[in-house]
K.L.:
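One structure coming up, written as structure tokens, with questions to follow.
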Amino acid sequence: MKVYLDNSATTAMAAEVIEAMLPYFADEMGNAQSVHSFGQRAKAAVEKARREVAALINAAPAEIVFLSGGTEADNLALRGIAEAHGDFGRHIITTKIEHPAVLATCEALEAAGYRVTYLPVSRNGIVSIDDVRQAISDDTTLISVMLANNETGTIQPIDGIAGVITEARSRGLDHLHFHTDAVQAVGKIPVDVKRLGVDLLSLSGHKFHGPKGIGALYVRKGTRLGKLLYGGHHERDRRAGTENVPGIVGLGRAAELARTHFDERMNRMRELRDHLEREVISRFPGVRVNGDKQERVPNISNMSFEGVDGESLLIALDLKGIAVSTGSACASGSLEPSHVLQALGLTREEVRGSLRFSLGAFNTRDEIDYAVAALVETVARLREMIPTDEPERVEAGSVVES
């Protein structure tokens with residue numbers, strides 16, 4: 001049996017998504033900027049997809065910018081605000097557990113002379129609203145806090161942070177903007193940009209059974225944003241370059257499916273995740289779930305296995321046809337331990353022994369039972385083979401400014 005439990009890295013495209021995309025690879029090949037009928041049909045397909053993506057997050061269609069994915073969306077949000085509002089200030093606030101797309105962009109902005117505050121999180125992986133409030137200064141132009149963490153699934157108090165920003169704006173900080181990376185949240189939990197109170201929100205199609213290479217950035221009406229790319233006047237001058245019509249159509253269809261099947265998918269993923277955790281914890285001593293057990297998306301479970309090396313466990317499970325992860329696929333090229341789990345204050349042993357199980361809409365109870373059986377055999381064998389060191393705790397630390 002082949003069991004794919006790495007849906008936070010990417011998901012299988014839904015059959016309906018593939019079917020919707022196929023015509024735009026051949027017969028409907030028009031450029032959406034062309035004035036002839038081929039182009040106008042492509043343009044109509046793009047605008048239909050824009051309406052579907054907007055409906056999924058309760059935005060206006062004109063507030064949706066199509067681009068290549070979550071990484072580009074994060075870059076455009078951070079660099080765009082920094083460029084457009086640098087005259088008001090050069091201070092950015094984020095957290096230590098953000099996706100590399102945000103952290104690396106912040107590092108690049110630091111190199112360009114910006115000051116970045118990296119906020120800590122609690123043992124459960126949640127940032128303090130008071131820490132956000134205290135970090136704001138007169139020259140702060142952007143706060144970027146992810147909605148759901150890609151490794152633990154922990155949900156951040158975005159609406160509470162938005163309240164702090166509203167307070168700051170009432171004191172005259174009108175140049176303060178709020179971005180959230182919602183790549184791991186969209187399609188998994190209700191996402192409403194109006195309720196969240198954000199100015200910018202990133203999402204990516206391949207995280208909810210859409211195609212790779214396509215995503216969107218929500219930009220609240222009236223938000224001034226600099227450009228990453230220069231060229232034509234595509235996407236209302238937000239993002240130059242010929243529209244990826246097949247990808248956009250696929251993203252739109254995936255958004256429609258996520259919206260119309262939302263409750264069914266969310267409840268099923270939560271049920272399977274909870275079943276996985278119950279079975280694993282009941283059969284093993286020395287297993288802990290990392291992150292907050294209540295405030296999290298329904299499809300992610302990050303567990304530490306005492307006395308086991310996570311990489312060895314991942315490889316052993318892969319040989320049995322089970323795909324899991326030791327963390328973010330976008331950081332897998334790094335030899336460093338998970339920066340997210342380090343920020344939670346886990347011991348080095350706990351970090352090394354951690355695996356992320358992430359479910360999708362198409363996983364089944366039989367697959368979970370097969371994975372649990374494989375874990376029982378594999379963990380027992382690895383615990384006999386690998387000696388353990390004395391636990392050395394990685395301190396969560398305090399606010400870091402650069």
Side-chain angles (χ1 to χ4, degrees), residues 1-13 149-154 184 188 206-207 209 265-291 293 296-333 335 337-338 340-341 346-389 391:
M1 179 182 283
K2 299 290 185 182
V3 180
Y4 186 77
L5 296 176
D6 197 17
N7 287 274
S8 289
T10 195
T11 59
M13 275 202 292
N149 185 261
N150 49 297
E151 294 192 32
T152 64
T154 302
Q184 294 291 347
K188 315 298 193 326
H206 76 109
K207 303 298 188 181
H209 303 289
R265 287 183 175 184
M266 183 174 66
N267 292 334
R268 181 176 182 80
M269 287 188 290
R270 179 184 291 113
E271 178 186 342
L272 291 177
R273 181 205 63 194
D274 292 349
H275 175 62
L276 169 68
E277 290 181 351
R278 281 194 304 268
E279 290 297 309
V280 169
I281 292 171
S282 68
R283 298 180 188 220
F284 295 114
V287 176
R288 59 162 288 143
V289 176
N290 298 316
K293 295 179 181 64
R296 56 174 171 163
V297 291
N299 68 309
I300 296 178
S301 176
N302 189 302
M303 289 186 273
S304 292
F305 296 83
E306 183 180 326
V308 174
D309 176 75
E311 291 283 355
S312 299
L313 182 53
L314 182 152
I315 293 169
L317 291 174
D318 187 41
L319 292 173
K320 294 178 179 292
I322 302 166
V324 295
S325 172
T326 54
S328 169
C330 296
S332 62
L335 295 177
S338 162
V340 172
L341 298 184
L346 270 65
T347 66
R348 296 189 186 279
E349 181 186 45
E350 288 170 333
V351 173
R352 286 197 304 264
S354 296
L355 283 185
R356 180 187 68 182
F357 302 82
S358 51
L359 288 78
F362 307 135
N363 286 119
T364 67
R365 179 75 170 244
D366 287 345
E367 289 178 338
I368 300 302
D369 289 339
Y370 175 79
V372 169
L375 272 168
V376 169
E377 187 276 326
T378 306
V379 170
R381 176 167 54 84
L382 291 176
R383 279 179 171 172
E384 292 176 356
M385 296 170 56
I386 301 177
T388 60
D389 301 323

K.L.:
I want to check something: taking the side chain as every heavy atom from C-beta on, are Leu341 and Asn302 in contact at a cut-off of under 4.5 Å?
P.N.:
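Contact flag for Leu341/Asn302 side chains = yes.
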K.L.:
Can you classify the ring geometry of Phe284 versus Phe305 as parallel (below 30°), tilted (30 to 60°) or perpendicular (above 60°)?
P.N.:
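Correct class here is perpendicular.
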K.L.:
I want to check something: taking the side chain as every heavy atom from C-beta on, are Met303 and Val280 in contact at a cut-off of under 4.5 Å?
P.N.:
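Heavy-atom side-chain distance check passes, below 4.5 Å.
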K.L.:
Can you see which heavy atom on Ala374 is nearest to which on Ile322, and at what distance?
P.N.:
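In this case the closest contact between Ala374 and Ile322 is CB-CD1, 3.4 Å.
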K.L.:
For the residue pair Arg296 and Val289, establish whether any side-chain heavy-atom pair is separated by less than 4.5 Å.
P.N.:
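Yes, close enough: below the 4.5 Å cut-off.
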K.L.:
Could you tell me whether a side-chain N or O of Lys207 sits under 3.5 Å from a main-chain N or O of Ala9, the two making a donor and an acceptor?
P.N.:
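Yes, the answer is positive, given that a donor and an acceptor are paired below the 3.5 Å cut-off.
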K.L.:
Should Arg288 and Glu306 count as side-chain neighbours, where that means a heavy-atom distance under 4.5 Å?
P.N.:
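They are not in contact (no side-chain heavy atoms under 4.5 Å apart), so the answer is no.
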K.L.:
Any heavy-atom pair between the side chains of Arg268 and Thr364 that's under 4.5 Å?
P.N.:
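The answer is yes; the side chains approach within 4.5 Å.
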K.L.:
Within a strict 4.5 Å, meaning less than it, do heavy atoms of the Leu317 and Leu355 side chains meet?
P.N.:
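Yes. Closest side-chain heavy atoms under 4.5 Å.
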K.L.:
Checking side chain to side chain contact (heavy atoms under 4.5 Å, CB included) for the pair Arg365/Leu272: CA distance, chi angles, key distance, verdict?
P.N.:
CA-CA 7 Å; Arg365 179 75 170 244; Leu272 291 177; 4.1 Å; yes
K.L.:
With heavy-atom distances below 4.5 Å as the criterion, would you say the side chains of Asp309 and Leu382 are in contact?
P.N.:
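Side-chain contact under 4.5 Å: no.
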K.L.:
Under the 3.5 angstrom rule, does the side chain of Ser358 hit a backbone N or O of Ser8 as a donor-acceptor pair?
P.N.:
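Yes; judged by distance alone, with no hydrogens or angles, the pair exists.
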K.L.:
The test is side chain to side chain contact (heavy atoms under 4.5 Å, CB included); show your working for Leu346 and Ser354 and say whether it passes.
P.N.:
CA-CA 10 Å; Leu346 270 65; Ser354 296; 4.3 Å; yes
K.L.:
Looking at Asn363 and Tyr4, would you say the former's side chain and the latter's main chain have a donor-acceptor pair under 3.5 Å?
P.N.:
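Checking the backbone N and O of Tyr4 against the side chain of Asn363, a donor-acceptor pair under 3.5 Å is found.
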K.L.:
Do Arg356 and Ile300 have side chains that get closer than 4.5 Å, going by heavy atoms?
P.N.:
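Yes, at least one pair of side-chain atoms sits under 4.5 Å.
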K.L.:
Applying side chain to side chain contact (heavy atoms under 4.5 Å, CB included), run through Thr154 and Asn290 and close with a yes or a no.
P.N.:
CA-CA 9 Å; Thr154 302; Asn290 298 316; over 6 Å; no
K.L.:
Starting at CD of Glu277, measure out to CD of Glu279 and round the result to the nearest 0.5 Å.
P.N.:
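The distance works out to 11.5 Å.
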K.L.:
Step by step, would you call Thr11 with Phe362 a side chain to side chain contact (heavy atoms under 4.5 Å, CB included)?
P.N.:
CA-CA 9 Å; Thr11 59; Phe362 307 135; over 6 Å; no
K.L.:
Going by atom types alone, do His209 and Asn7 pair a side-chain donor with an acceptor below 3.5 Å?
P.N.:
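No donor-acceptor contact under 3.5 Å links the two side chains.
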K.L.:
Any salt bridge between Lys320 and Glu377, counting N to O under 4.0 Å?
P.N.:
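Counted as a salt bridge, because a side-chain N and a carboxylate O are separated by less than 4.0 Å.
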